[in-house]
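Have a look at the structure below before the remarks.
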Protein chains: 2
Amino acid sequence: MARDTTGEANGAGGAGGGGGDDPGVTLRAAQDQFIACWGKMGSAWGISRTMAEVHALLFITGEPMCTDDIMERLQISRGNASMSIRALLDWGVVARAHRRGDRKEYFKAEQDVWAMFRAIVRERMKREADPALVSLHEIRDLTSGVDSSKRKGRRRGGRDGVREGGIADETAARIMAHNQRLDEMLKFFETVQTLTDRFVSPSGRGLQIAASILGKAAS
Amino acid sequence: MARDTTGEANGAGGAGGGGGDDPGVTLRAAQDQFIACWGKMGSAWGISRTMAEVHALLFITGEPMCTDDIMERLQISRGNASMSIRALLDWGVVARAHRRGDRKEYFKAEQDVWAMFRAIVRERMKREADPALVSLHEIRDLTSGVDSSKRKGRRRGGRDGVREGGIADETAARIMAHNQRLDEMLKFFETVQTLTDRFVSPSGRGLQIAASILGKAAS
DNA sequence: TATGGATTTCAATCATTTCTGAAACATAGT
DNA sequence: ACTATGTTTCAGAAATGATTGAAATCCATA
């Protein structure tokens with residue numbers, strides 16, 4: 001008796017196999033687990049679970065899919081699917097695709113893992129680290145005027161600064177320590193930013209190779 | 001008339017200054033902004049906002065503080081403060097401190113920015129990336145048996161594999177593509193992990209210097 | 001420019017995470 | 001053992017973030 005009539009729609013072209021450990025079923029299970037894993041990772045890293053799942057689906061199947069395919073496979077609403085896809089397009093990890101004689105839009109994931117992570121790092125930097133760096137600079141500027149090492153000549157009345165020992169002195173010392181901490185932090189962020197910029201740049205491929213080699217070289 | 005009796009408790013030893021652009025007030029404002037900024041960053045990166053704020057407070061003041069100081073300054077509950085502190089201790093970015101003749105526990109933040117980030121990266125890896133890598137390997141193993149390139153001799157009846165053209169062939173091809181994608185991903189993660197391990201290791205200081213130089217060198 | 005399918009938007013709803021506060025628990029000193 | 005002081009836990013409350021679904025919008029075609 002024919003055991004290979006399970007008929008599950010596999011990706012785009014239904015290609016089922018046989019019975020219990022049917023390769024088609026196994027593949028589907030592996031895909032599902034990958035999607036779940038990726039979704040979990042995403043939410044641990046501040047990306048909405050669904051968005052990560054949509055990406056995982058497109059990446060792991062490698063097939064272009066339309067909104068309805070995604071809704072169906074992931075059991076999510078149209079609105080959610082639409083928003084997730086849009087976000088993935090914005091991030092640049094998913095691209096539009098079309099099929100002859102079909103008005104629907106299809107979507108496919110970037111397949112190069114390194115390119116994918118470069119895109120992710122680039123976007124996260126742009127959205128979170130860069131604004132933070134700006135704020136940090138603003139905060140640093142707040143206490144530039146009162147730092148005795150670089151104060152501007154402003155001196156009201158004659159008694160507002162570091163003079164006449166004790167209390168004011170202590171505040172000045174605290175401000176200097178504060179500024180030092182902030183400066184160290186800023187230096188750190190700037191180093192990271194430079195490194196990152198280089199990694200995500202078009203020629204970032206060079207760094208990728210460097211990382212590969214570094215990663216493999218003897219411990 | 002004495003204008004320096006504002007009496008705001010500045011860090012540990014109250015040292016207020018004068019009136020409008022009082023350095024003490026400015027410092028406080030800068031600290032508050034830093035705390036807010038750090039909190040925002042934290043939550044964008046999957047760390048609870050309060051936990052990040054507690055850390056920011058301890059880092060930017062540089063003073064050891066007790067639970068009550070933190071509650072007071074951040075306007076949070078005792079439970080929240082306690083849990084956040086505990087988590088920061090677990091992460092290794094905050095250490096206990098004591099004062100002679102005081103039963104209370106005080107806490108102070110690691111002041112070396114690089115050491116701090118090494119600790120953060122180490123923990124996040126341990127908690128999120130490593131388990132993900134394990135799952136990824138498990139998922140990869142699901143489809144090892146059915147990949148014709150490395151199938152184990154199991155062959156039931158004589159007709160379960162890539163033979164008899166068409167349908168089964170297509171599934172086999174899909175599985176091979178799937179495995180390739182997973183393998184690429186795994187290789188990527190392993191490279192990143194090796195790199196990271198090296199960065200966070202006791203001798204990671206070397207990499208820090210390398211990064212500093214790389215970050216500064218001409219673009 | 002009318003038509004009909006595809007896509008996007010958004011207020012309302014739902015789920016998850018975080019926070020509170022008071023009670024339970026620890027521990028040092030008496 | 002008892003008290004005083006400090007710390008942790010945890011069930012429910014509050015806040016935050018994600019999801020839905022139906023209406024509005026868009027757009028290629030005739």
Side-chain angles (χ1 to χ4, degrees), chain A residues 12 35-36 38-58 64-91 94-108 124 127-128, chain B residues 12 35-36 38-58 64-91 94-108 124 127-128:
Chain A
I35 291 165
W38 205 240
K40 203 141 43 81
M41 247 220 135
S43 58
W45 282 84
I47 289 159
S48 119
R49 192 174 44 70
T50 302
M51 181 175 155
E53 284 180 354
V54 172
H55 179 249
L57 174 61
L58 292 174
M65 297 175 90
C66 68
T67 307
D68 295 271
D69 296 335
I70 294 167
M71 286 166 60
E72 158 76 21
R73 177 76 186 259
L74 259 32
Q75 293 293 311
I76 58 174
S77 73
R78 182 170 300 284
N80 198 3
S82 173
M83 280 179 153
S84 298
I85 291 166
R86 155 64 70 106
L88 290 167
L89 290 169
D90 283 353
W91 280 57
V94 158
R96 288 177 211 277
H98 292 278
R99 292 197 189 179
R100 280 160 287 107
D102 192 342
R103 260 173 69 190
K104 264 206 279 289
E105 279 194 306
Y106 287 74
F107 305 94
K108 66 190 297 289
R124 293 226 70 173
R127 285 158 205 239
E128 273 115 38
Chain B
I35 291 166
W38 204 241
K40 201 138 47 78
M41 249 220 133
S43 59
W45 281 83
I47 288 160
S48 118
R49 192 174 46 70
T50 303
M51 181 175 154
E53 284 181 354
V54 171
H55 179 249
L57 173 61
L58 293 175
M65 295 175 90
C66 68
T67 307
D68 295 271
D69 295 336
I70 295 168
M71 287 167 60
E72 157 75 20
R73 177 75 185 258
L74 261 30
Q75 293 293 312
I76 58 175
S77 72
R78 183 170 300 283
N80 197 4
S82 173
M83 280 178 151
S84 297
I85 291 167
R86 152 67 69 107
L88 289 167
L89 290 169
D90 283 353
W91 280 58
V94 159
R96 289 179 211 275
H98 292 279
R99 293 196 188 181
R100 278 162 287 107
D102 191 342
R103 259 174 70 190
K104 266 207 273 292
E105 279 194 307
Y106 286 76
F107 305 94
K108 66 191 298 291
R124 294 229 69 174
R127 285 158 206 239
E128 273 113 41

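For the numbers below, each heavy atom of this structure counts, side chains included, while hydrogens, waters and symmetry mates do not. A note on names: the letters A, B, ... follow the listed sequences, proteins ahead of strands, and every chain is numbered from 1.
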| Does B:R127 have any salt bridge (charged side-chain N to carboxylate O under 4.0 Å, His left out) partners at least two apart in sequence or in another chain, and if so, which? |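 Once residues adjacent in sequence are excluded, the partners of B:R127 under the salt bridge (charged side-chain N to carboxylate O under 4.0 Å, His left out) criterion are B:E123.
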| query | Mind checking what makes salt bridge (charged side-chain N to carboxylate O under 4.0 Å, His left out) contact with A:R103, not counting sequence neighbours? | reply |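 For A:R103 there are no salt bridge (charged side-chain N to carboxylate O under 4.0 Å, His left out) partners, ignoring immediate neighbours.
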| message | What's the separation between atom CE in B:M71 and atom SG in B:C66, rounded to the nearest 0.5 Å? | response |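 One finds 9.5 Å between CE of B:M71 and SG of B:C66.
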| query | What distance do B:D102 atom CG and B:H98 atom NE2 have between them, rounded to the nearest 0.5 Å? | reply |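 That separation rounds to 10.0 Å.
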Return the value, rounded to whole Å, for the distance between atom [atom1] of [X] and atom [atom2] of [N].
X      : N      : atom1 : atom2 : answer
A:D102 : D:dA28 : CG    : C1'   : 13 Å
B:H98  : C:dT27 : NE2   : P     : 13 Å
A:Q75  : D:dT19 : CD    : P     : 14 Å
B:I76  : D:dT7  : CD1   : P     : 14 Å
A:L74  : D:dT19 : CG    : C1'   : 13 Å
A:F107 : C:dA6  : CZ    : C1'   : 10 Å
B:K104 : D:dT8  : NZ    : C1'   : 16 Å
A:M71  : D:dT20 : CE    : P     : 9 Å

| Near-strand residues of residues 45-56 of chain A, defined as heavy-atom separation under 4.0 angstrom from DNA chain C |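 Within this stretch, nothing sits under 4.0 Å of the strand.
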Detail all sub-3.5 Å separations between protein N/O atoms and N/O atoms belonging to nucleotides 2-5 of chain C.
unit_1, atom_1, unit_2, atom_2, d
C:dG4, N2, A:R103, NH2, 3.1

| query | Is there any side chain to side chain donor-acceptor pair (under 3.5 Å) pair reaching into residues 40-53 of chain A, and which pairs are they, with sequence neighbours excluded? | reply |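 Of all non-adjacent pairs touching residues 40-53 of chain A, those that pass side chain to side chain donor-acceptor pair (under 3.5 Å) are A:R49-A:E53.
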Does the side chain of [Y] come within less than 4.5 Å of [X]'s, by heavy atoms?
X     : Y      : value
A:T67 : A:F107 : yes
B:I70 : B:L58  : yes
A:H55 : A:W91  : no

| said: Using a strict heavy-atom distance below 4.0 Å, which residues from residues 78-86 of chain A are in contact with DNA chain D? | reply: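 Those residues whose heavy atoms fall under 4.0 Å from DNA chain D, taken from residues 78-86 of chain A in numerical order, are A:G79, A:N80.
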| task | Using the salt bridge (charged side-chain N to carboxylate O under 4.0 Å, His left out) rule, pick out the option among B:R99, B:R86, B:R96 that qualifies with B:E105. | result |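 It is B:R96; the other options fail the test.
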| Is A:S84 reaching over with its side chain to a backbone N or O of A:N80, donor-acceptor style, under 3.5 angstrom? |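 Answer holds: yes.
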| query | Looking at D:dT7, C:dC19, D:dT20, which one has an atom nearest to any side-chain atom of B:E105? | reply |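 Shortest atom-to-atom distance from the side chain points to D:dT7.
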